[in-house]
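Notes for the one structure printed next.
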Amino acid sequence: MSTHPLYTKKVLPNGVTLLTVPIPTALSITMSVFVKAGSRYETKPVNGISHFLEHLHFKGTKKFPTAKKLSEIVDSIGGEFNANTGKEHTQYFIRASSEHLPLITEVLTDLVQQPLFNEKEIEREKGVIIEEINMYKDNPQIHIESLFEETMWPQTPLGWDIAGTAEVIRAIKKQDIVNYRKQWYQPSNIIIAVAGKFDQAQLEREIEALWSKLPGKAVGRIRPANDRQAAPILAVQNKQTEQAHMMVGFKGLDYDDKRNPELQILSAVLGGGMSSRLFIQIRERRGLAYYVGSSMNNYLDTGNFYVRAGLKVASAPEALEVILSELRKVREQGISTRELNKAKEYIKGKVVLAMEDPHGTLDWYLTQAAFAKKIETPKEAFAKLEKVTGDQVQALAAQLFQKKSLVAAVIGPFADKSVFERRLKL
């Protein structure tokens, strides 16, 4: 058990982790059951099963046998009830007034431990998932991210679409779902996390009573990401759209890489906010885009950095040139002291704002408890951020922003991809 003034992490004998973040002044509480398994943990014949399983948990449990009964019980306390699936996780959560924690605990426990998996519900939900897949494909602003990561990590689970394909979803059987759950929904892979106002001792007793008797077995390993790349890769999806959507980026850093503060600063300087380099150059000076920004993803053994933009169709090739020009500038000339200091304050400000809400606070600690070797408080993270120098940021840019490592994805009415190919110069 590790105890800190801001959080407590306790591992039950069977491997279930309880992470608690007390916020005595909060009126609400967030509870999450977080499973360290997502689309990256799948095999090709069942790609999309993590997300499908997330949906099916809401279709009825032993105590609440229908979707209606489950949603009614949370609606009756004015709570928010939801879930999400990523490449490396599936998360179920309820947010409500702190007085309802016992009920929240009961519902989430039953949801994850006692799903019914009714055959009719499984078949009915396939239609819902397929419509969700169609919705993402019809929305290029969302679909561009899937295309980008598929291009960056081809033929590996990390590059697969989280929702899967309609063909695979149609073919999934109940036994596939049961087998996947048995493989990954093991106590050692589960974190129960709570943030808000609660009684620590009482909560520990409840969680131990409900979760400690679950038998556990070892979970498998994920397939490592394939980061090898010898030349720039470009994917262009020719689609009739009113706006072109583009992502340009490179492999990045895993959760535990010590250079993450440098990459955060690099991202903030290039595309964080309305005074960033890319926003000024692409939107304000040239009027090429409605939205443009940069960001980063960390994964267990890799990551990525990317620039994302929604562009005038005719201006998309020019925008690619400008983006690459800005990346080249920061690589060759670095950043100013003023930009460095502004980026540090920008990052700290965004963290502080997110953590005003118990849900944001929980996300901060939960992500680290799940994927990093050590949990850092915001204060500790800010101290590392403050030590970063402009030279370190430039050195990282020089290491990451190499032509051979470049990945670009574009969705729009472009039958001829050569208009982009000839501009892939860094």
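Predicted model only: the values in this text are computed from it and were never measured.
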Exercise. Could you walk me through whether N304 and V407 pass the side chain to side chain contact (heavy atoms under 4.5 Å, CB included) check?
Worked result: CA-CA 10 Å; N304 60 28; V407 175; over 6 Å; no
Go through the side-chain N and O atoms of [X] and [Y] and say whether any donor and acceptor fall under 3.5 Å apart.
X    : Y    : result
Q91  : S32  : yes
S418 : D416 : yes
T302 : D227 : yes
H359 : E80  : no

A quick test of your reading: do over 12 heavy atoms of other residues, nucleotides or ligands sit less than 6.0 Å from [atom1] of [X]?
X    : atom1 : result
K174 : NZ    : yes
L27  : CG    : no
Y291 : OH    : yes
K417 : NZ    : yes
K197 : NZ    : no
R422 : CZ    : yes

For this session: Only one of S98, P24, P22 passes side chain to side chain contact (heavy atoms under 4.5 Å, CB included) with F198; say which it is.
Result: P22
Exercise. Are the aromatic ring centres of Y180 and Y41 under 6.0 angstrom apart?
Worked result: no
Exercise. Do the ring centers of Y185 and H57 come within less than 6.0 Å of each other?
Worked result: yes
Report the distance from atom [atom1] of [X] to atom [atom2] of [Y], rounding to the nearest 0.5 Å.
X    : Y    : atom1 : atom2 : value
L19  : I192 : CG    : CD1   : 10.5 Å
Q155 : K44  : CD    : NZ    : 8.0 Å
I94  : H100 : CD1   : NE2   : 11.5 Å
I172 : E167 : CD1   : CD    : 11.5 Å
F250 : L426 : CZ    : CG    : 5.0 Å
I169 : N47  : CD1   : CG    : 7.5 Å

Exercise. Do the rings of F34 and H89 sit parallel, tilted or perpendicular, given the 30° and 60° boundaries?
Worked result: parallel
Taking [X] first and then [Y], would you say they form a salt bridge - that is, a charged N and a carboxylate O separated by under 4.0 Å?
X    : Y    : answer
K69  : E72  : no
E123 : K120 : no
E345 : K342 : no
E318 : K312 : no

Does the side chain of [X] reach to within under 4.5 Å of the side chain of [Y], using non-hydrogen atoms?
X    : Y    : result
L270 : V307 : no
L253 : M296 : no
R277 : V269 : yes
Y306 : N297 : yes
W211 : V33  : yes
E131 : N134 : yes
K239 : H245 : no
Y365 : H4   : no

Contact summary for [X] and [Y], nearest pair of heavy atoms:
X    : Y    : value
F420 : L234 : CB-CD2, 3.8 Å
I162 : H51  : O-CB, 3.8 Å
L396 : L263 : CD2-N, 3.5 Å
A343 : I265 : CB-CG2, 3.9 Å
V219 : S188 : CG1-OG, 4.1 Å
T241 : G412 : OG1-CA, 3.4 Å

Give a yes or no answer on whether the side chain of [X] reaches the backbone of [Y] with a donor-acceptor pair at less than 3.5 Å.
X    : Y    : result
K9   : S2   : no
S267 : S294 : yes
D301 : A225 : yes
R40  : R223 : yes
R328 : K425 : yes
T361 : D357 : yes
S50  : G38  : yes
R423 : L320 : no
Q368 : E376 : yes
S71  : K68  : yes

For this session: Could you walk me through whether K59 and R124 pass side chain to side chain contact (heavy atoms under 4.5 Å, CB included), step by step?
Result: CA-CA 10 Å; K59 294 299 158 190; R124 188 181 295 133; over 6 Å; no
Exercise. After noting the C-alpha distance and the side-chain angles of W153 and K87, does the key distance pass the side chain to side chain contact (heavy atoms under 4.5 Å, CB included) rule?
Worked result: CA-CA 12 Å; W153 290 293; K87 299 280 172 99; 5.7 Å; no
For this session: Output, in order, the C-alpha distance, side-chain angles, deciding distance and verdict of side chain to side chain contact (heavy atoms under 4.5 Å, CB included) for Q264 and V388.
Result: CA-CA 10 Å; Q264 288 175 324; V388 174; over 6 Å; no
